[in-house]
Amino acid sequence: MGRAFTYVILGGGVAAGYAALEFTKRGVSQGELCIISEEPVAPYERPALSKGFLLPEARARLPSFHTCVGDNEERLTPKWYKEHGIELVLGTRVKSADVRRKTLLTATGETISYRILLVATGARALKLEEFGVTGSDAENVCYLRDLADANKIFDAMQSCPGGNAIVIGGGYIGMECAASLVINKINVTMVFPEAHCMARLFTPKIASYYEDYYKSKGVTFIKGTILSSFDIDSDGKVTAVNLRDGSLLPADMVVVGIGIRPNTGLFEGQLTLEKGGIKVNGKLQSSNSSIYAVGDVAAFPVKLFGECRRLEHVDSARRVFTMSWQFYGDSVGEVVHYGDFSGSTIGAYWVSKGYLVGSFLEGGTKEEYEAIAKTTRLKPAIEDLGELERQGLGFALTVSQKPLPSPPVEVNGSGLVLERPIYALHATAGVIVAASIAAFAYWYGRRRRRW
């Protein structure tokens with residue numbers, strides 16, 4: 001038994017929802033589009049899981065954060081999909097894909113065929129076992145990638161008010177979960193091997209600014225070491241965390257955020273892979289002309305950087321406690337810091353080969369964030385780093401008054417172009433391009449029908 005669709009979106013994350021909305025805007029007919037997701041719910045805004053979902057009061061719960069509320073668009077509830085004739089195949093795992101035959105085989109044995117496939121399978125959280133540490137199945141060891149993970153963290157917090165939480169990892173997930181735990185009046189210790197938090201992006205000076213703020217909220221940092229093992233009681237709960245440096249930390253719950261790995265397994269050996277993801281061109285089209293990829297799973301050419309990259313995270317804006325920062329561009333070259341690092345507004349520029357290629361701002365206004373975004377896209381020449389430091393944010397405010405060049409990435413032969421810039425290194429490719437690629441896939445599928 002099987003079903004056939006013109007368009008199939010594989011994956012139920014952020015990109016799937018935005019793509020579905022664009023398909024409807026382009027006039028997709030009822031019954032033509034299908035979304036297959038392992039999760040039991042319709043696509044939703046994943047950033048809510050580490051923010052509003054974990055708040056002690058006025059918690060965010062579905063349906064409030066279904067896509068596409070993150071972009072001030074419609075909220076796509078299950079009812080919306082039904083009204084638009086879009087088939088939601090939820091709670092369903094696809095166990096194999098046959099690219100040549102254009103079919104997907106589900107774990108229940110159903111075959112689903114397609115003309116055009118949009119791969120939005122995202123990524124999975126790296127598990128401790130992949131680094132030689134057992135214990136991920138303990139009742140109070142948590143990861144954060146989907147709704148079930150968020151529910152587990154919430155339940156663990158509820159079971160240990162005033163208890164001790166150990167956060168393993170100093171990246172996005174670790175920092176955001178640590179903030180949520182503190183807000184819930186839980187004692188937090190963060191453990192990571194790097195010299196400072198957010199080592200992939202933050203300079204030591206920027207990291208110190210945030211670490212000092214976290215410390216003022218009661219967070220303890222243990223750097224330069226890693227988890228070696230857990231102490232687990234007869235009930236299967238972790239009671240302590242053992243570190244490689246010999247430290248033993250009492251624990252009522254553990255949150256692990258040590259990275260992700262793109263879900264490319266279904267297509268290995270069938271599609272070209274690069275940078276750990278599915279390699280696509282400027283149209284987000286894979287090595288097979290009927291398959292596109294978006295989001296964490298896609299490795300696509302970014303003209304600003306002159307190379308193929310995978311872009312992770314839903315947006316370039318991150319919020320922790322009452323702080324809010326945005327980053328655009330690339331964190332390479334020489335760094336120029338500006339602002340009062342004892343105050344509420346700080347920033348930095350990255351300059352490479354004489355051009356500004358990256359910008360960071362904490363505590364800015366909407367207009368100031370827009371200014372650094374536009375300035376980064378313009379890539380102005382920088383002759384004097386000292387003068388750039390002196391001008392600080394004022395430099396971006398001045399440069400941003402210049403007109404922007406035409407959008408750099410063409411997405412199809414019919415003249416459609418990306419309306420949103422793709423210079424934000426830490427922006428999810430799915431949110432930025434899902435709508436545009438859905439439009440192209442729709443156009444392409446229609447054209448193929450006429451052949």
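Shown here for Ile9 and Ala16, the closest heavy-atom pair between the two residues is CG2-CB, 3.7 Å. The two atoms that bring Val332 and Val357 nearest to each other are O-CG2, 3.8 Å, heavy atoms only. In terms of heavy atoms, Leu33 sits closest to Ala20 at CD2-CA, 4.2 Å. Taking every heavy atom of both residues into account, Met190 and Gly169 meet most closely at CE-O, 3.4 Å. Of all the heavy atoms in Gly11 and Ser37, the pair that sits closest is C-CB, 4.4 Å. Taking all atoms of both residues into account, the shortest heavy-atom contact from Asn288 to Leu271 is CB-CD2, 3.6 Å.
For Asp98, the salt bridge (Lys or Arg N to Asp or Glu O under 4.0 Å) test picks out Arg101, with sequence neighbours left out.
Taking a cutoff of 4.0 Å between a charged side-chain nitrogen and a carboxylate oxygen, Asp296 and Arg46 do not qualify as a salt bridge. The pair Lys374-Glu370 does not meet the salt-bridge criterion, since no charged nitrogen lies less than 4.0 angstrom from a carboxylate oxygen.
Under a 3.5 Å cut-off, the side chain of Glu130 and the backbone N or O of Lys127 do form a donor-acceptor pair. For the pair Arg145 (side chain) and Ala123 (backbone), a donor-acceptor distance under 3.5 Å is present. Thr345 places a side-chain N or O within donor-acceptor distance of the main-chain N or O of Gly363, the cut-off being under 3.5 Å. Checked by atom type and distance alone, the side chain of His66 pairs as donor or acceptor with a backbone atom of Pro43 at under 3.5 Å. Side-chain atoms of Tyr44 come within 3.5 Å of backbone N or O of Leu147 as a donor-acceptor pair. With hydrogens and angles ignored, the 3.5 Å screen pairs a side-chain donor or acceptor of Thr203 with a backbone N or O of Ile206. In this structure, Asp149 contributes its side chain and Asp146 its backbone to a donor-acceptor pair below 3.5 Å. Tyr18 contributes a side-chain N or O that, together with a main-chain N or O of Asp71, makes up a donor-acceptor pair within less than 3.5 Å. When atom types are taken as modelled, the side chain of Ser64 and the backbone of Ala60 share no donor-acceptor pair closer than 3.5 angstrom. Judged by distance alone, with hydrogens and angles left aside, the side-chain atoms of Lys95 form no donor-acceptor pair with the main-chain N or O of Thr108 at under 3.5 Å.
Using modelled atom types and a 3.5 Å distance limit, the side chains of Ser359 and Thr376 yield a donor-acceptor pair.
In this structure, CG in Leu356 is found 7.5 Å from OG1 in Thr375, a value given to the nearest 0.5 Å. Within the model, atoms NZ of Lys25 and NE2 of His84 stand 10.5 Å from one another, a figure rounded to the nearest 0.5 Å. Put simply, NZ on Lys283 and OG on Ser289 are 11.0 Å apart, with the number rounded to the nearest 0.5 Å. The CD1 atom of Ile35 lies 8.5 Å from the CG atom of Leu90; values are rounded to the nearest 0.5 Å. Here the CD-OG distance, from Glu176 to Ser50, works out to 3.5 Å after rounding to the nearest 0.5 Å.
Relative to the six-membered ring of Phe154, Arg61 meets both conditions, a distance below 6.0 Å and an angle of at most 45° to the axis.
Screening Thr103, Val99, Leu104 for a side chain to side chain contact (heavy atoms under 4.5 Å, CB included) with Leu117, the sole residue that qualifies is Leu104. The only member of Trp325, Tyr209, Tyr210 that meets side-chain hydrogen bond (donor to acceptor under 3.5 Å, both in side chains) when paired with Glu362 is Tyr210. Remark: of the listed residues Tyr369, Trp350, Phe360, Trp350 is the sole one forming a ring pair (Phe, Tyr, Trp, His ring centres under 6.0 Å) with Phe327. Screening Ile186, Asp155, Val238, Val167 for a side chain to side chain contact (heavy atoms under 4.5 Å, CB included) with Met253, the sole residue that qualifies is Ile186.
Taking the six-membered ring for Trp and thresholds of 30 and 60 degrees, Tyr7 and Phe23 have ring planes inclined between 30 and 60 degrees apart.
For Lys279, the NZ atom sits in a loose shell: 12 or fewer heavy atoms of surrounding residues, nucleotides or ligands are nearer than 6.0 Å. Atom CD of Glu274 has more than 12 neighbouring heavy atoms from other residues, nucleotides or ligands inside a 6.0 Å radius. Counting heavy atoms of neighbouring residues, nucleotides and ligands inside a 6.0 Å radius, atom NZ of Lys82 does not exceed 12 of them. By the 6.0 Å contact criterion, CZ on Arg59 is enclosed, its count of non-hydrogen atoms from other residues, nucleotides or ligands being greater than 12.
Note on residues 131-141: pairs passing side chain to side chain donor-acceptor pair (under 3.5 Å), not counting sequence neighbours, are Glu129-Ser136, Ser136-Tyr143.
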